[in-house]
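See below for the structure under consideration.
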Amino acid sequence: LPSLYIGSVPKAIPSGSSSTMHANFFLIGCCFGSFINVCATRIPLGKSVIHPPSSCPQCNVRIKWFHNLPIFSWLMLRGKAMCCNFEIPFRYIGVEFLTALLFGFFFYQYSLFGSESRLLVSLAFGFLMIVIIVIDLETMIIPDRFSMGGALLGLVCSAYFPLLHGFSSDPLFPERLSSVMTSLLGMIISSSVLFWIGAFAEKLMKQEALGQGDIKLLGCVGAFCGWEGGLFTIFAGALLGSIIMIPLMLVSKYLKLNKKNRRVEVGWGLEIPFGPFLGMAALAYFLGLHLYVDTWFEKTRLNFIHLFSFV
């Protein structure tokens, strides 16, 4: 987590209690993953995530609680609804399992360093990135409540937990203020850089290249990770998207057939959501790559200072 674990002294948790807590956090992650699925299904449709209770998308029969248990119900039902033959998308169990693994990893970090503030910030950021990835992947929409709301949450976390941006664990008011300014600077720089990249790309391609949701998402990432994390997310997300999508586009071009048995042509006009790749890059930075990325930025800054000191 950016700066949160640098210089921290490990505080071991007894092995028995640690194993139990790991299992508990895995289960908590399953529940949050289930809630992410609810958000991904209902929010794009403008529905409440609280009411009404879950029901079958095909026959609208209310789902019983023991058929709505994260991971286990999908496995017991073998991916099919009990009330009808509706096939439950694999996305449900996939999101629940990945969220559980992520929450378990965050608790593993907590078991090493013993800081509740680090754990809370990690859980909040992880939840935001996963729900954004899932919704944007399916609908090509990033709700403002997660992007702009996440940016605001990043500012609040920076004020309450200045350790997020490398300040002391027992901060004075000036350190809290500096942490908020660091978060604000990260939010502005990250979103601004992506905005101008999109503006220039739009001029070159004569069509919209980036959505406003991606720009707002970078503001959220910058608020949590600083400008270094924001810039890394932009370029790592673009690289990750290219690595994943170009082979898929080539395969679909030569192997996928349409209804008339003609080959499907893949052109530059194909719309692809950028948010999932930005979210994955941000999580990669947050989970450990910040150690290398921040070191590279610091060395680059020192090299520039050294270079211009001779001019």
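Computed from a prediction, not measured in an experiment: that's the story for all the values here.
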Among the clusters formed by ILVMFWY side chains lying less than 4.5 Å apart, do [X] and [Y] turn up in the same one?
X	Y	result
Ile141	Val131	no
Val121	Phe127	yes
Ile234	Trp227	yes
Leu185	Phe232	yes
Ile142	Leu45	no

Rounded to the nearest 0.5 Å, what's the gap from [atom1] on [X] to [atom2] on [Y]? Could you check?
X	Y	atom1	atom2	answer
Leu239	Ile244	CG	CD1	9.5 Å
Thr41	Arg91	OG1	CZ	4.0 Å
Arg176	Phe161	CZ	CZ	9.0 Å
Met129	Leu287	CE	CG	11.5 Å
Met181	Leu155	CE	CG	10.0 Å
Ile93	Leu75	CD1	CG	4.0 Å

Side-chain donor/acceptor of [X] to backbone N/O of [Y], under 3.5 Å:
X	Y	value
Arg62	Pro53	no
Glu175	Leu172	yes
Asp136	Pro273	no
Arg42	Lys47	no

Return the minimal non-hydrogen interatomic distance between [X] and [Y], and the atom names on each side.
X	Y	answer
Val95	Thr99	O-OG1, 2.7 Å
Asn68	Ser54	ND2-OG, 3.6 Å
Gly154	Ser158	O-OG, 2.7 Å
Phe277	Gly237	CB-O, 3.4 Å
Pro89	Trp74	O-NE1, 3.5 Å
Glu228	Val293	O-CG1, 4.3 Å

Within a reach of under 6.0 Å around [atom1] of [X], are more than 12 heavy atoms found that belong to other residues, nucleotides or ligands?
X	atom1	value
Phe32	CZ	no
Glu87	CD	no
Leu302	CG	yes
Phe297	CZ	yes
Phe86	CZ	yes
Phe66	CZ	yes
Asn60	CG	yes
Met76	CE	yes

Would you say the side chain of [Y] lies within less than 4.5 Å of the side chain of [X], judging by non-hydrogen atoms?
X	Y	answer
Phe167	Thr182	yes
Leu231	Ser190	no
Ile130	Leu98	no
Thr300	Trp296	yes
Asp214	Leu218	no
Tyr285	Tyr292	no
Ser73	Glu96	no
Leu123	Leu102	no

Proximity of Phe26 and Phe103 rings by center, below 6.0 Å: no
Tyr110 ring center within less than 6.0 Å of Phe107 ring center: yes
With Ser242 via side-chain contact (heavy atoms from CB on, under 4.5 Å) - residues at least two apart: Ile246
side-chain contact (heavy atoms from CB on, under 4.5 Å) partners of Tyr108, counting only residues at least two apart: His22, Phe105, Ser111, Leu112
Residues Ile88, Lys80; criterion side chain to side chain contact (heavy atoms under 4.5 Å, CB included); working and verdict: CA-CA 5 Å; Ile88 306 172; Lys80 288 189 177 182; 5.8 Å; no
Working for side chain to side chain contact (heavy atoms under 4.5 Å, CB included), residues Ser183 and His165: CA-CA 8 Å; Ser183 176; His165 298 292; 3.6 Å; yes
Ser179/Tyr160 under side-chain hydrogen bond (donor to acceptor under 3.5 Å, both in side chains): CA gap, chis, key distance, verdict: CA-CA 9 Å; Ser179 179; Tyr160 278 94; over 6 Å; no
Whether Phe125 and Phe286 hold their rings parallel, tilted or perpendicular, with breakpoints at 30° and 60°: parallel
Verdict with supporting geometry, Leu194 and Ser191, side chain to side chain contact (heavy atoms under 4.5 Å, CB included): CA-CA 5 Å; Leu194 188 60; Ser191 55; 6.0 Å; no
Option among Ile133, Val221, Leu217, Ile132 that satisfies the side-chain contact (heavy atoms from CB on, under 4.5 Å) test with Leu278: Leu217
Test side chain to side chain contact (heavy atoms under 4.5 Å, CB included) applied to Leu152 and Met148, step by step: CA-CA 6 Å; Leu152 179 60; Met148 298 177 67; over 6 Å; no
